[in-house]
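This structure is a prediction, so every number in the text was calculated from the model and none was measured. First the proteins, then the strands, lettered A, B, ... as listed; each starts at 1.
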Number of protein chains: 2
Amino acid sequence: MNIVDIIAKKRDGLELTTEEISYFVKGYTNKEIPDYQASALCMAIFFKSMTDREIADLTFSMLHSGDVIDLTSIEGIKVDKHSTGGVGDKTTLVVGPIVAACDTKLAKMSGRGLGHTGGTLDKLESIDGFSINVESDDFIKQVNEVGISVIGQTANLVPADKLLYSLRDVTGTVASIPLIASSIMSKKLASGADKIVLDVKCGNGAFMETIDDAKELANKMVAIGKLLNRETVAFITNMNQPLGLAVGNSIEVIEAIDTLNGNGPEDFTSLCVDLATEMICLAREDVDLAKAKKLVLESIDNKSALNKLVDLIDRQGGNKEFITNPDLFKQADEIIEVKALEAGYVKALDALMIGEAAMHLGAGRKVKTDAVDHSVGIILNKKISDYIEIDDVIAYVHTNKAANETIELIRKAYTLTSDEVKKPEMVYHIVR
Amino acid sequence: MNIVDIIAKKRDGLELTTEEISYFVKGYTNKEIPDYQASALCMAIFFKSMTDREIADLTFSMLHSGDVIDLTSIEGIKVDKHSTGGVGDKTTLVVGPIVAACDTKLAKMSGRGLGHTGGTLDKLESIDGFSINVESDDFIKQVNEVGISVIGQTANLVPADKLLYSLRDVTGTVASIPLIASSIMSKKLASGADKIVLDVKCGNGAFMETIDDAKELANKMVAIGKLLNRETVAFITNMNQPLGLAVGNSIEVIEAIDTLNGNGPEDFTSLCVDLATEMICLAREDVDLAKAKKLVLESIDNKSALNKLVDLIDRQGGNKEFITNPDLFKQADEIIEVKALEAGYVKALDALMIGEAAMHLGAGRKVKTDAVDHSVGIILNKKISDYIEIDDVIAYVHTNKAANETIELIRKAYTLTSDEVKKPEMVYHIVR
C-alpha cells in the first residue's frame, strides 16, 4: 500500500477501502506518513467527501489510535452527551444530574479546549475545592454509586485526532463534514459510552451555520454510530443567540443551579429537558419518551436532580454549600448595566459577538496556557422576541477590568426591529 | 497576509491576488511556509484551477525565486524550444542545428531529469569528449559565433519549482494544468529566451494523454507567455508511438545525424521541419512561415544544418568525426532481432512500453544517481500502419545484457489488426 496512491484515489473521487484508511491513520499517528501527505489527503476529502462506510472506518481507526476507555465495570447502559459547542452552553451541568437522578449513568471525561468561555471542567472549578483529577477506580466507583462523574481526560485518547485536528486547523481543511464527524465520534466512542446523544449546534454562534450543513453532519454521525454499533441520536439546535442568559463560568453554574431549581431560562430549560429525556429513553428499556419526560420533570420538581449535583460536587471535593447558597461563588469586582440606546423588538442577537464580548473579559481561552477568570461574564437581560425600551438594561457585565470593548460588542450584537418577532424554536430537528 | 486564508480562498474557488501568490512562492521557497500548507494549496488548485492571470503570476513569482539568465549580450532574438517529454524525442539535436543554420540563435540549458532514455545532454555525451560544462562567457560567445550551444544547468534556476515539484510528486498533485504550465514556463522564462516554441506531447507515451488536456495545457502556456511578454507558440503532437525509430542515446544521435543528412524517418523529419520553421519565423521578422520552411529544407539539402551540428560538437570538445562517421559511436555487445509471432497491420504501438523496454536495457535513469548506458537501445523496424508478416523483424535490441524482459515488452507494445491502418498525423494542433 502506498499513501500517494491513496491520495490520488480519493482525489479522483473513488471510495477508499478499510485497509487503506487504516494504513493512513496508523501511518500518520506513528509519523511514517508526513504532514504534507496527510494535508493533501484531507483537502481531497474536503472536495470528494466520504461514504458513510469510509467515515465509519476512519472513525474506527482513529478511536483505536490510542487508549480506549473501558466502562464495562459500570453497571447498566452508559450514555454520553456531546455538544458541538456554542455560546452559553452549560447543558451538561443540568442534564448530567437529571439523568443520574433518573437511573441513567453518565461517566464523562472532558477536555479543556479553547473557547469564548471555559468548558464544563472550568465551570465546575469555579466551585471551591472541586477536583477534576479522579483516579480511574474512584471514577468508576463514583459513577456506580452516584450515577455521575465529570473528570479531566488523563488517558491518551485518539492521538490521531489530536494530530489531524492541529493539521486541519492550519491547512484550510477544518470545514469538512466527514472529517468533523469522525473527529467527534472517535473521541466519543473512545470514551467508552454505549449510547450517545449529540447536540449539533446551528447558527451564527456555532460551527455549522446552516441547518442543511448541521443535518448532514448529524446524519453522518448517527450513521457512524449505527455502523459501529453504538446507538446515536443527534439533535440539531438553535445557536442563533446564546443559550440561556448567562455567558461565563461561575454565572453559568448559577444558571444551571437555577434551572435544576425549576427557575431556569425557558429556552435552556426546554433543551435540557429534551436532551435528558432522550438520554434516559436510550439507556432504559423500561421507559418510552413520554415516560422519560415525566421522570425528568419530576426530578426537577422533587429536587432529586439538584441533589445529584450536590453529590457530584461533594464526591469530587467541592464545597457543596455553593449549590444551596450561590452567593458563595467569587463575585466580579463590578457589575455594569448595559442600557439600550434605541427601542424595538430584538430581531437578532449575535451569539458569536456575545461570545467574543465574554472573551474580552477573560472568561475564555485563546491559547491553552491562558488562565480563565471564573468570576466574569455577561448576563443577558433581553433575548430574541423581547421588546426593549430606550434605557432598558439589555445585559449585565460582570467584570474585573475596563469593559468598553465588551459593552460595544454587546450593543452591536443586538438587532432591533419595529415589528413583533416570534420566539425562535430551540430544537430544529432530531436524527435518530 | 496569512497562508491559511490563502488556502481557504483557493479552496472556495476564489481568485488569488498577485500579492497572495507572491507571498506563497516566496514563503515556500524560503521555508517559512511548510510543506503541509503548500500541499494543501496544491490540492486546492488541483480542484479549483487558476485563471490565466493567476497562472502568469505564479509563473512570474517562481521564475524570480532564483537566478534568471541574462542573454541580452547575445545579438538578436533568442528562441528556445521545450518538449514536455516523450519516447524517442531527439528533436533538439536536429532542430537546434537547423535554426542555427538559418540565423536563429539557440542558447540552451538543459537539466538531466529522469526518463526512459537519457536527456539531450546524455545523448550528446555519447560523443567522445563532448562537454556540457561551459563557462557562462564562453556559452554566450559560442552562441554569438556558432548560433547554438547546449550546456548543463549550473545556475540556481527556479528553486521554487524544484521544491514544489518534489512535493507535488508525493502528494497526488502533479496532474494539475495550472501547476504544470507554471512549472514549465517558469523554467523556460528563467533561461532567458525571448520567444518559445513548446512541443506538448500527447498520447500514451506522454504526460498528457488526451488532446483536450494537451490543448488546455498548451492554451495556458501560450496565455502565460502573452501575459509575461514572451511570445510563445505551442504544438500539440502525437506521442501514441515513439518518435522516429531509435529509442536510446547514441542510436538517437545517429538518427538525428541521418535526419540532418535528409535520411531521417518521415514522422520525425516532418516534426523537426515544422518546429524549426516556427522557431525561425518567430525569431526573424524578415521571413514568413513559407519562407522559413524553405530555409529549413535548404539547410538540410545543402548540409549547412549538419555542419552546425559538427560545429556545436567541435566547440564543446567533442570528436566531430562521430558526425561524419557514426561507426565511431560505442556499439552495444549484441544486436538482437525481435521477430513477429503473428501477421497484420500495426494498429497501435505503445510508446510507454517501448520506453520501459529501453529502460530495462539501462538507457535511462530511475533515480538521479543512475548511470546511463549510452550504447543500448531499441531501433523499431515497424510502426503504426506498417504491414508485418510472421517472422518479420519488428525491432532491433542493442544490448549489453540479457534482454528477455525488453523483448517481451516490445512484442506486447504492438497491437495488430487485419484491416489497413491510416498513417497517424504528427501535429494535432498549433496554438499561437
Side-chain angles (χ1 to χ4, degrees), chain A residues 1-16 20-21 23-24 27-29 31-50 114 160 162-180 207 209-210 213 366-367, chain B residues 1-16 20-21 23-24 27-29 31-50 114 160 162-180 207 209-210 213 366-367:
Chain A
M1 221 168 287
N2 176 320
I3 184 65
V4 183
D5 294 339
I6 293 173
I7 297 169
K9 194 172 171 184
K10 179 45 68 186
R11 179 199 70 195
D12 295 342
L14 302 173
E15 192 174 345
L16 301 180
E20 286 165 340
I21 290 170
Y23 174 86
F24 163 65
Y28 185 55
T29 309
K31 320 253 183 206
E32 280 166 19
I33 292 172
D35 282 337
Y36 56 81
Q37 291 179 320
S39 65
L41 181 57
C42 287
M43 189 59 90
I45 292 170
F46 177 92
F47 282 105
K48 291 295 182 174
S49 195
M50 284 182 136
L114 309 176
K162 286 193 191 80
L163 291 167
L164 213 49
Y165 194 85
S166 322
L167 181 68
R168 286 166 53 210
D169 198 34
V170 293
T171 56
T173 51
V174 168
S176 158
I177 300 243
L179 296 176
I180 298 169
F207 192 67
E209 293 204 19
T210 71
D213 281 350
K366 255 181 213 153
V367 295
Chain B
M1 221 169 287
N2 176 320
I3 184 64
V4 183
D5 294 340
I6 293 172
I7 296 169
K9 192 172 172 186
K10 179 45 68 185
R11 180 199 71 195
D12 294 342
L14 302 172
E15 191 174 345
L16 301 180
E20 286 165 339
I21 290 170
Y23 174 85
F24 163 65
Y28 186 54
T29 309
K31 318 253 184 208
E32 279 167 20
I33 292 171
D35 282 336
Y36 55 80
Q37 291 180 320
S39 65
L41 181 58
C42 287
M43 190 60 91
I45 292 170
F46 176 93
F47 282 105
K48 291 297 183 176
S49 196
M50 284 182 135
L114 309 176
K162 286 192 191 82
L163 292 168
L164 213 50
Y165 194 87
S166 321
L167 181 68
R168 286 166 53 210
D169 198 34
V170 293
T171 55
T173 50
V174 168
S176 159
I177 300 240
L179 296 178
I180 298 169
F207 192 68
E209 294 203 20
T210 71
D213 281 351
K366 256 180 211 153
V367 295

Would you compute the distance between atom CE of B/Met43 and atom CZ of A/Phe47 and round it to the nearest 0.5 angstrom? 9.5 Å

Minimum heavy-atom separation for B/Ser39 and A/Ala40, please, with both atom names. OG-N, 4.0 Å

Side chain, backbone, both or neither: which part of B/Asn2 has a heavy atom under 4.5 Å from chain A? neither

Report which part of A/Leu167 has an atom under 4.5 Å of a heavy atom belonging to chain B: side chain, backbone, both, or neither. side chain

Which pair of non-hydrogen atoms, one from B/Thr171 and one from A/Tyr36, has the smallest distance, and what is that distance? CG2-O, 3.5 Å

Can you tell me which portion of A/Lys9 sits under 4.5 Å from chain B's heavy atoms? Options are side chain, backbone, both or neither. neither

List the atom of A/Arg11, the atom of B/Thr173, and the distance in Å for their closest heavy-atom pair. NH1-N, 4.4 Å

Scored by heavy-atom pairs under 4.5 Å with chain A, the best of B/Asp12, B/Asp35, B/Ile6 is B/Asp35

Closest non-hydrogen atom pair between A/Gln37 and B/Val170, with its separation: NE2-O, 2.7 Å

Provide the closest heavy-atom pair for A/Val4 versus B/Asp169 in the form atom of the first, atom of the second, distance. CG1-O, 4.0 Å

